[in-house]
Trainee: 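Dropping a structure here in structure tokens format, bear with me for questions.
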Amino acid sequence: MEDQARLMSGLVGLSGLSQGDMGDHDALRKQHNLGQPQQDIGDILQQIMAITDESLDEAQARKHALNCHRMKPALFSVLCEIKEKTVLSIRGLQDDDPPDQQIMRLDNMLLAEGVSGPEKGAASAAAAAVAAAAGGSPNEGSIEHSDYRAKLAQIRQIFHSELEKYEQACSEFTNHVMNLLREQSRTRPISPKEIERMVGIIHRKFSSIQMQLKQSTCEAVMILRSRFLDARRKRRNFNKQATEVLNEYFYSHLANPYPSEEAKEELAKKCAITVSQVSNWFGNKRIRYKKNIGKFQEEANLYAMKTAVDAASVSSQASQANSPGTPNSGGYPAPCYTPDGRL
DNA sequence: ACTAATGATTGACT
DNA sequence: AGTCAATCATTAGT
């Protein structure tokens, strides 16, 4: 019987239903002094339950009173904890972020293309790289160059203004939500941790939007780039002197017209072209020579004569000795391709 | 306008 | 990675 009474009082304490229905509340309280905390919680819960039935003014007043209640912080934290353990733990596990890598890739590309990052340096560096690939002297093609640069700058500007907009919207929205949640945390169990988490979610959403922006910017740059790279085909023939230098090397190394990396660099420097242009030239030359040796015979003889004369003048100056530097020294370099097409 | 020459690109190969 | 072979696209000579 006594157990039942305690149970009853406990229930009263927790559910807080009706002082009237359960008889003399004060008497009960006196009987169970030890049960006071439950009594308090019961009061609070009861008041919360009752709040919906009241008018707005009354409710406001009651809300205020509740907020000032000495048990409020404890109840709040308990409710937060319960919530944390149930809903948030499930949700929290779900959204881990794997698309981080992609955004890194996009960032890197934008940086490399000079869209993001420092203002002039990267952009001009990229443009210079393209110019180098385009070949020709640096002054040539500066028109297309500035065109490219202008378009890139345009993309850059759009990108940055959009990014700024997104960032502003993000921070505005975040602030709004934070204020709202803080406000609501007076009436709902919302812990600072939960607010923090919400902020995280918002940021993730916005960064996924940003990723779309980055992606489309990348696409725009790629299109611009490919268009510009097509313009690379607007080539210039190398100047006479450069062709001469290249031909000289080719015919004086006809037995093995494969310049080493160092030789290529030197030739590139002499001809004021890039190493890859030297490689292109030798690639073209070898194949075209091989295809039609007869056609190049005259040219071959001409350059062989030249190198022979040079060698002669060198050796006469050095009184004698054959120079080890010239593989084909002392003779007309005969075409050394075998019938099967190899050297 | 036509054509040969030529520098660059691309894909396959080693 | 370097090269070959085919091809493209432009330049230059006619």
Side-chain angles (χ1 to χ4, degrees), chain A residues 108-109 112-114 123-152 218-307 325-328 333-343:
Chain A
N108 285 340
M109 188 190 153
E113 293 297 334
S124 62
V130 175
S137 60
N139 321 338
E140 306 277 1
S142 61
I143 301 139
E144 293 125 90
H145 233 183
S146 58
D147 205 35
Y148 176 82
R149 216 142 49 183
K151 293 238 166 73
L152 193 69
C218 274
E219 275 164 24
V221 172
M222 291 309 279
I223 289 165
L224 175 68
R225 209 178 149 78
S226 69
R227 216 178 286 164
F228 190 80
L229 289 183
D230 271 351
R232 277 193 298 190
R233 292 186 181 276
K234 275 181 192 145
R235 59 177 181 76
R236 289 273 128 105
N237 289 355
F238 298 155
N239 62 41
K240 231 178 173 183
Q241 191 224 329
T243 336
E244 209 148 296
V245 170
L246 293 167
N247 272 317
E248 243 166 65
Y249 188 98
F250 180 80
Y251 287 110
S252 67
H253 296 75
L254 203 52
N256 184 34
Y258 295 86
S260 64
E261 193 58 34
E262 296 84 60
K264 279 182 192 170
E265 275 166 27
E266 204 183 319
L267 286 167
K269 207 185 281 181
K270 270 191 197 166
C271 302
I273 57 178
T274 66
V275 173
S276 60
Q277 281 180 303
V278 173
S279 297
N280 284 340
W281 190 91
F282 272 89
N284 284 324
K285 191 72 183 180
R286 280 191 298 261
I287 203 85
R288 282 162 188 167
Y289 180 84
K290 195 184 85 175
K291 260 188 178 171
N292 195 348
I293 294 171
K295 198 178 76 183
F296 287 94
Q297 200 56 61
E298 206 179 318
E299 193 179 65
N301 290 340
L302 189 83
Y303 282 100
M305 192 107 79
K306 248 184 193 177
T307 48
T326 43
N328 296 316
C336 295
Y337 286 103
T338 56
D340 65 312
R342 299 299 303 185
L343 281 168

Trainee: Just to confirm, is there a sub-4.0 Å distance from OP1 or OP2 of B:dA8 to any side-chain nitrogen or oxygen of A:Gln277?
Mentor: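 So the side-chain polar atoms of A:Gln277 do come within 4.0 Å of the phosphate oxygens OP1 or OP2 of B:dA8, strictly under.
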Trainee: For A:Cys271 and A:Leu246, what are the C-alpha separation, side-chain angles and deciding distance, and is it a side-chain contact (heavy atoms from CB on, under 4.5 Å)?
Mentor: CA-CA 8 Å; A:Cys271 302; A:Leu246 293 167; 3.9 Å; yes
Trainee: Please determine, for the side chain of A:Arg286, which listed nucleotide (C:dC4, C:dT11, B:dA5) has the closest atom?
Mentor: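 From the listed options, C:dC4 comes nearest.
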Trainee: Which whole-number value in Å describes the distance from A:Asn256 CG to C:dG2 P?
Mentor: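 Interatomic distance, CG of A:Asn256 to P of C:dG2: 15 Å.
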Trainee: Please name all residues satisfying salt bridge (charged side-chain N to carboxylate O under 4.0 Å, His left out) with A:Glu299, sequence neighbours left out, ordered by chain then number.
Mentor: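 In terms of salt bridge (charged side-chain N to carboxylate O under 4.0 Å, His left out), with neighbours along the sequence ignored, A:Glu299 is linked to A:Lys285.
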Trainee: Choose from C:dA6, C:dA9, C:dT3 the nucleotide whose nearest atom is closest to any side-chain atom of A:Arg235.
Mentor: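 Given the options C:dA6, C:dA9, C:dT3, the side chain of A:Arg235 is closest to C:dA9.
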Trainee: Compute the angle between the rotation axes at the two ends of the helix from B:dA1-C:dT14 to B:dT14-C:dA1, each taken over five pairs, rounded to 10 degrees.
Mentor: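 About 10°, once rounded to a multiple of 10°.
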Trainee: Separation of A:Arg236 atom CZ from B:dT6 atom C1', in whole Å?
Mentor: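 Going from A:Arg236 (CZ) to B:dT6 (C1'), I get 14 Å.
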Trainee: Considering non-hydrogen atoms only, spot the tightest contact between A:Pro259 and A:Arg286 and give its length.
Mentor: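 Closest approach of A:Pro259 to A:Arg286: CD-NH1, 4.4 Å.
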Trainee: B:dA4 P sits how many Å from A:Lys295 NZ, rounded?
Mentor: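 About 9 Å, once rounded to whole Å.
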Trainee: Does C:dT3 have OP1 or OP2 under 4.0 Å away from a side-chain N or O of A:Lys264?
Mentor: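 Result: yes.
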Trainee: Using whole Å, what does the distance between atom C1' of nucleotide B:dT6 and atom CD1 of A:Ile287 come to?
Mentor: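 Spelled out: CD1 on A:Ile287 to C1' on B:dT6 is 15 Å.
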Trainee: Checking contacts here: which listed nucleotide (C:dC4, C:dT3, B:dA5) is nearest the side-chain heavy atoms of A:Lys290?
Mentor: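 Selected nucleotide: C:dC4.
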Trainee: So if I take every side-chain heavy atom of A:Glu261 and compare against C:dA6, C:dG2, C:dT3, which nucleotide ends up nearest?
Mentor: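 Closest nucleotide to the A:Glu261 side chain: C:dG2.
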Trainee: Can you tell me how far P of C:dT3 sits from CH2 of A:Trp281, to the nearest Å?
Mentor: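 From A:Trp281 CH2 to C:dT3 P: 14 Å.
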Trainee: Just do the side-chain contact (heavy atoms from CB on, under 4.5 Å) check on A:Trp281 and A:Thr243 with the steps written out, would you?
Mentor: CA-CA 9 Å; A:Trp281 190 91; A:Thr243 336; 4.3 Å; yes
Trainee: Less than 6.0 Å separating the ring centroids of A:Tyr251 and A:Phe296?
Mentor: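 Between A:Phe296 and A:Tyr251, which both carry aromatic rings, the centre distance is not below 6.0 Å.
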Trainee: Expressed in angstrom and rounded to an integer, what is the separation of A:Asn284 atom CG from C:dA9 atom C1'?
Mentor: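 Taking CG of A:Asn284 and C1' of C:dA9, I get 13 Å after rounding.
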Trainee: At under 4.0 Å between heavy atoms, what does A:Asn237 touch on the DNA or RNA strands: base, sugar-phosphate, or nothing?
Mentor: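 Here A:Asn237 touches the backbone only, sparing every base.
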Trainee: Rounded to the nearest Å, what distance is computed from the NZ atom of residue A:Lys240 to the C1' atom of nucleotide C:dG13?
Mentor: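 Value for this atom pair: 14 Å.
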Trainee: Relative to the 5' end of DNA chain C, which residue comes earlier, A:Arg288 or A:Ser279, by the nucleotide with the nearest heavy atom?
Mentor: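 The answer here is A:Ser279.
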Trainee: Step by step, would you call A:Tyr249 with A:Phe282 a ring-ring contact (aromatic ring centres under 6.0 Å, His included)?
Mentor: CA-CA 10 Å; A:Tyr249 188 98; A:Phe282 272 89; 5.6 Å; yes
Trainee: Looking at the side chain of A:Asn280, which of B:dA5, B:dT9, C:dC4 is the nearest nucleotide?
Mentor: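 Nearest to the side chain of A:Asn280 among the choices is B:dT9.
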Trainee: Residues in salt bridge (charged side-chain N to carboxylate O under 4.0 Å, His left out) with A:Lys295, at least two apart?
Mentor: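 For A:Lys295 there are no salt bridge (charged side-chain N to carboxylate O under 4.0 Å, His left out) partners, ignoring immediate neighbours.
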Trainee: Roughly how many Å is it from CG in A:Asn239 to P in C:dA12, rounded to a whole number?
Mentor: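 Those two atoms, CG and P, are 12 Å apart.
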Trainee: What's the verdict on ring-ring contact (aromatic ring centres under 6.0 Å, His included) for A:Phe250 and A:Tyr289, showing C-alpha distance, side-chain angles and the deciding distance?
Mentor: CA-CA 10 Å; A:Phe250 180 80; A:Tyr289 180 84; 5.6 Å; yes
Trainee: If the cut-off is 4.0 Å, is A:Lys285 near the phosphate of B:dG7, judged by side-chain N/O to OP1 or OP2?
Mentor: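 Answer no for this pair, as no side-chain N or O of A:Lys285 is under 4.0 Å from OP1 or OP2.
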